[in-house]
Amino acid sequence: PPAYDEPLPYFIYAGLVFVPFVEPYLHEWGDDWQQDAPHELVQLVLSGAQSEAAEQPVLLSRVLPSPQTAGYLTLADRRGLSVNGERGLH
């Protein structure tokens with residue numbers, strides 16, 4: 001897992017920004033991240049986000065504004081579970 005003071009790796013595809021889901025990501029919400037971060041993500045960290053040992057959970061962190069992402073800008077901080085209906089290990 002990434003160290004706390006190192007930037008997270010990321011992947012951008014068609015204006016969608018994906019990052020690995022690790023606890024340091026939630027610290028971006030400050031010292032009270034357990035109260036201020038999105039509730040669904042806090043619950044994933046507290047309950048254990050990995051369902052299999054080889055799994056690296058991935059988040060859709062941000063949606064960059066562009067004509068291709070129109071209508072999707074509110075889909076930030078969401079866990080990716082599948083692509084085209086196929087569940088995958090990340």
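Just so we're clear, the structure is a prediction, and the values are computed from it rather than from any experiment. Numbers here simply count residues along the sequence, with the first being 1. As a basis for the values below, the full set of heavy atoms in this structure was taken, side chains included, without hydrogen atoms, waters or symmetry mates.
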Asks: Take the angle between the ring planes of Tyr25 and Phe21 and call it parallel below 30°, perpendicular above 60°, tilted in between.
Replies: perpendicular

Asks: Do Val45 and Trp33 have side-chain heavy atoms sitting under 4.5 Å apart?
Replies: yes

Asks: Mind listing the closest non-hydrogen atom pair of Pro9 and Pro20 along with its distance?
Replies: O-CD, 3.2 Å

Asks: Just verifying a value: how many Å separate Leu26 CG and Leu46 CG, rounded to the nearest 0.5 Å?
Replies: 8.5 Å

Asks: Any side-chain heavy atom of Leu16 sitting closer than 4.5 Å to one from Arg62?
Replies: no

Asks: Within the supplied structure, the quantity of interest is the number of heavy atoms (other residues, nucleotides, ligands) at a distance under 6.0 Å from Phe18 CZ; does it exceed 12?
Replies: yes

Asks: Taking the side chain as everything from C-beta on, heavy atoms only, tell me whether Trp29 gets closer than 4.5 Å to Asp32.
Replies: no

Asks: Specify the closest pair of heavy atoms between Ser61 and Ala76, including all atoms of both residues, with the distance to one decimal.
Replies: O-CB, 3.4 Å

Asks: CG of Leu41 to CD of Gln34: how many Å apart, nearest 0.5 Å?
Replies: 13.0 Å

Asks: CG/Leu64 to CG/Leu73 distance, rounded to the nearest 0.5 angstrom?
Replies: 9.0 Å

Asks: Under 6.0 Å from the CD atom of Gln43, do we count more than 12 heavy atoms belonging to anything else shown?
Replies: yes

